[in-house]
Chemist: 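Below is a structure I'd like to ask you about.
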Amino acid sequence: MFVGSNPTLSATRVMAVYHQVIERLRRVLPAAAVLSSPEELKPYECDALTLYRQLPLAVTLPADEAQVIAVLRICHEAKIPIIARGAGTGLSGGATPRSDAVLLSLARLNRIIGIDPLARTARVQPGVRNLAISEAAAPHDLYYAPDPSSQIACTIGGNVAENSGGVHCLKYGLTVHNVLALRVVTIEGEVLEIGSAAPDAPGYDLLALLTGSEGLLGVVTEVTVRLIPKPECARVVLAVFDSLTRAGQAVADVIAAGIIPAGLEMMDRPTIAAVEPFVNAGYPLDAEAILLCESDGTPEAVEEEIVRMEAVMRGAGATACRVSCDEAERLRFWAGRKAAFPAMGALSPDYYCMDGSIPRKRLAAVLQEIRRMEARYGLRCANVFHAGDGNLHPLILFDSNIADEVARAEAFGAEILELCVREGGSITGEHGVGVEKIDQMCVQFGGDELETFHAVKRAFDALGLLNPGKAVPTLHRCAELGRLHVHAGKVPHPQLPRF
Amino acid sequence: MTDLGSLQERVRAAASARRPLLIRAGGSKDFYGGPLKGELLDVSAVSGITHCEPTELVISAQAGTRLADIERVLASFAQMLACEPPQFDGWATIGGAVASGLSGPRRAYCGALRDFVLGIEMIDGRGGLLRFGGRVIKNVAGFDVSRLMTGSLGTLGVLTEITLKTVPRPRAECTLRFEMDQPKALESMARWAARPLPLSATAWHEGALHVRLSGADAAVSSACGALGGEIMAGADAYWESVREQQLPFFAAARELWRISLPPHSPPLPVVGPTLIEWGGSLRWLPGPQDGSDLQALAARIGGHASLYRAFSKPSGSPFQPLSPAMLAVHKRLKAAFDPQGILNPGRLYPDL
Ligand SMILES: Cc1cc2nc3c(=O)[nH]c(=O)nc-3n(C[C@H](O)[C@H](O)[C@H](O)COP(=O)(O)OP(=O)(O)OC[C@H]3O[C@@H](n4cnc5c(N)ncnc54)[C@H](O)[C@@H]3O)c2cc1C
């Protein structure tokens with residue numbers, strides 16, 4: 001039990017413990033690395049899911065692994081929760097603070113330790129920005145493939161914690177496919193060396209378990225990633241459709257034709273309308289949807305593949321296809337996709353970015369269903385997403401100054417996620433569960449599976465101090481929501497404590 | 001199709017009596033891992049493809065389904081399992097392949113078997129039937145238990161169904177052969193891998209390096225031109241014999257060590273024949289060898305060594321020992337999934 005929620009401690013006693021902990025943190029870290037005044041804490045009150053805000057108890061800014069260990073040991077001993085934070089670009093509230101928890105920023109562990117061009121690996125500290133890895137590898141004609149749209153800001157530690165993806169993940173994989181090894185500090189302050197640059201590290205695949213674990217199992221202090229050779233050339237087909245159904249079909253057809261594009265992204269009509277004035281990419285404003293389908297490789301292979309891609313698009317009913325003829329045009333075609341999020345700001349005071357995944361063949365049906373929901377909730381929704389992966393990003397537009405719009409936006413989002421689960425998909429493709437989707441976890445998983453997640457959590461963090469209340473709901477919470485899958489009238493493992 | 005309920009019942013009974021179970025399907029990997037202990041839990045009848053959708057690039061099959069049957073179905077719509085897991089005379093099942101985590105020649109260039117696991121259904125050590133992951137490519141809800149199962153050798157659960165991502169078959173393929181010594185071959189593999197070439201497999205033994213290129217016609221033919229070497233006839237049969245370990249090198253070895261190293265590692269200071277795969281990251285050495293020396297040597301260059309196949313199974317673990325901190329986590333995870341320690345005890349490490 002945390003200090004802050006222990007009923008046997010008086011409020012004064014709790015404050016005294018907090019005070020002592022901050023004092024002890026100041027003894028192991030430089031003065032500027034422990035923040036505790038409200039003005040200093042303010043910039044950390046939320047991540048990119050700004051609907052949830054809370055000042056943390058304190059913020060620590062360690063500069064190396066030894067300082068990370070010291071912070072964890074102090075908090076563990078005092079039973080104070082710890083929340084790791086990278087750049088705070090997370091969209092599901094994974095790094096949302098708590099008033100009874102210390103926020104552990106990894107931003108100052110931002111050194112690239114080494115790049116080995118012939119082994120094609122980079123060893124970096126967790127606070128290194130995603131794009132900085134590719135920039136450092138560029139002189140060797142190598143790059144780090146997973147490229148979240150937030151790559152200029154987000155950290156590799158955050159990417160590991162969320163198993164982040166990007167436009168190129170259809171062909172080159174997600175974070176889990178591109179990370180080779182981790183150094184992880186446990187809540188007790190012990191260092192685990194997980195995975196290795198050598199294939200098939202012995203023992204359980206803790207590398208996979210830690211990837212996407214949202215800071216619940218340990219703090220990542222070093223990451224070794226795989227680098228891949230830069231393709232010689234890339235070209236993109238811009239295909240225009242007059243119906244969502246036909247665009248969705250084209251996505252399935254590309255895959256069925258045995259093509260794995262380097263990227264396959266969809267934008268719907270509202271998105272096109274929002275971005276075109278921004279970037280003048282030449283998108284047709286009367287299209288229901290456009291697809292951007294990229295091929296990369298040697299010039300000959302790209303030439304061959306582009307011809308096949310275009311044929312599939314036309315076969316699926318594209319009303320027009322344009323192929324980028326040079327790098328400038330390719331970047332212009334992509335500019336709209338990249339500007340989609342900022343462009344929404346011009347359409348609406350606020351937007352809420354959802355992240356569900358579904359089987360590709362259900363794309364059109366789900367998009368139509370979202371259209372119907374727009375009417376029901378009285379809110380607009382724009383769709384711009386990783387179509388090739390079946391990973392939707394509905395952007396629900398709302399105005400937080402209008403009384404119930406936040407609540408309606410949240411309800412709309414929740415219904416989309418539940419639709420994804422019904423269609424055989426998932427409530428999150430790449431943004432994580434965090435605080436945002438914790439209730440939908442009760443829809444996607446049964447009680448036995450949730451209980452297994454808690455058991456895994458306890459194997460790493462018996463006291464539940466790392467990022468509590470995120471990612472995995474308590475069975476109690478699910479039961480209260482009336483959403484626990486109760487098998488044969490029995491709550492799973494009734495003998496186990498519920499926390 | 002066997003009824004899962006009766007398998008669950010067996011596990012529950014074994015748990016309450018604390019009787020170890022030996023999980024087995026095709027038995028093709030009895031040689032692999034630590035000692036075989038416990039009462040047989042045969043899952044070979046839990047078999048059949050349960051879901052297969054070419055446009056989604058996924059296939060689901062019950063654990064006892066033969067890999068050969070899965071590959072046959074995938075081939076009928078020009079797809080395949082990307083990492084080419086060995087089929088061991090046709091006996092290997094998808095459950096056994098995932099439990100052992102063994103990948104084939106394509107692994108260094110396309111990913112390991114674990115990279116393609118999307119979801120699993122399993123029975124834990126309490127007899128509960130659990131489902132993790134799913135049938136979609138992207139899914140980050142909850143901890144990645146599906147991949148955790150890969151390579152855990154049945155010590156965390158009885159796999160009953162598996163969903164894998166599949167890949168399209170390459171349109172063109174060509175294998176080049178180069179006469180070269182080991183240092184030159186290691187250097188060449190590292191240099192080529194750092195260039196955007198459509199590599200899909202490499203193997204060096206007896207003074208010859210074999211390099212397979214796969215992909216679009218134009219990509220393969222231009223890469224062949226760029227690399228030189230002589231085009232190998234009968235390449236499909238050759239790669240199958242590498243995957244299935246049927247080359248004379250393997251047949252001659254009574255004992256076999258598997259050494260896994262970071263890319264671009266130097267030749268190992270050992271005498272005798274060696275066979276190298278995966279761009280230099282996988283080295284096979286025939287035994288007998290001094291195991292702890294070999295493991296210490298591998299660890300010094302950032303890798304690890306295991307006794308892959310022995311004339312008689314050692315009593316301990318054939319795998320590189322874990323650090324005390326890692327072993328402690330492993331034991332707690334084992335207890336979380338299998339509190340009575342009844343599932344394949346000792347198959348991975350004596351304590352698990
Ligand atoms: C405009 C925009 C576009 C985006 N586009 C994409 C996209 O295309 N694809 C995608 O996948 N995501 C995208 N994201 C989401 C976000 O950028 C990613 O989730 C990213 O990986 C978060 O990294 P971060 O450093 O900001 O982590 P934070 O937000 O600081 O933290 C995220 C989680 O990681 C944990 N964490 C952070 N560092 C560590 C560590 N060292 N050890 C342990 N746990 C840690 C935190 O506790 C938290 O749970 C986007 C976000 C924005 C704002």
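Everything quoted here is computed from the prediction, not taken from an experiment.
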Chemist: Should B/Arg126 and A/Asp448 count as an ion pair when the cut-off is N to O under 4.0 Å?
Modeler: no
Chemist: Where along residues 328-337 of chain B does a heavy atom come under 4.5 Å of chain A, listed by residue number?
Modeler: B/Val329, B/His330, B/Arg332, B/Leu333, B/Lys334, B/Ala336, B/Phe337
Chemist: Measure A/Asn391 against the heavy atoms of chain B and call it side chain, backbone, both or neither at under 4.5 Å.
Modeler: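 A/Asn391 touches chain B through side-chain heavy atoms alone.
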Chemist: Sort A/Glu304 into side chain, backbone, both or neither according to what part of it lies under 4.5 angstrom from a heavy atom of chain B.
Modeler: side chain
Chemist: Indicate every side-chain donor-acceptor pair of residues 188-200 of chain B with a distance under 3.5 Å to a residue at least two apart or in another chain.
Modeler:
from     : atom 1 : to       : atom 2 : distance (Å)
B/Ser188 : OG     : B/Lys184 : O      : 2.7
B/Arg191 : NH2    : B/Glu187 : OE2    : 3.3
B/Ser200 : OG     : B/Arg212 : NE     : 2.7
B/Ser200 : OG     : B/Ser214 : OG     : 2.6

Chemist: So, taking the atom named NZ in B/Lys138 and the one named CG in A/Asp355, what distance separates them when rounded to the nearest 0.5 Å?
Modeler: 7.5 Å
Chemist: Can you tell me which portion of A/Pro117 sits under 4.5 Å from chain B's heavy atoms? Options are side chain, backbone, both or neither.
Modeler: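 For A/Pro117, backbone heavy atoms alone lie under 4.5 Å from chain B.
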Chemist: What part of B/Leu348 gets closer than 4.5 Å to chain A, counting heavy atoms only: side chain, backbone, both or neither?
Modeler: side chain
Chemist: Decide yes or no for A/Arg360 and B/Ile137: does some side-chain heavy atom of the first lie under 4.5 Å from some side-chain heavy atom of the second?
Modeler: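 A/Arg360 vs B/Ile137: side chains touch.
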Chemist: Going by residue number, which parts of residues 142-149 of chain B are within reach of chain A, meaning a heavy-atom gap below 4.5 Å?
Modeler: B/Gly142, B/Phe143, B/Asp144, B/Val145, B/Arg147, B/Leu148
Chemist: Using non-hydrogen atoms and a 4.5 Å limit, figure out which bit of A/Ile194 sits close to chain B: side chain, backbone, both or neither.
Modeler: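 Both the backbone and the side chain of A/Ile194 come within 4.5 Å of chain B.
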Chemist: Please list all pairs passing the side chain to side chain donor-acceptor pair (under 3.5 Å) test where one or both residues lie in residues 249-259 of chain A, with sequence neighbours left out.
Modeler: A/Gln249-A/Asp253
Chemist: Of the backbone (N, CA, C, O) and the side chain (C-beta and beyond), which part of B/Ala141 lies under 4.5 Å from a heavy atom of chain A, both, or neither?
Modeler: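 Both backbone and side chain of B/Ala141 come within 4.5 Å of chain A.
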Chemist: Non-hydrogen atoms of chain A under 4.5 Å away: do they reach the side chain of B/Arg171, the backbone, both or neither?
Modeler: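 For B/Arg171, side-chain heavy atoms alone lie under 4.5 Å from chain A.
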Chemist: Are A/Ile260 and B/Pro168 packed together at the side-chain level, in the sense that at least one heavy-atom pair is separated by less than 4.5 angstrom?
Modeler: yes
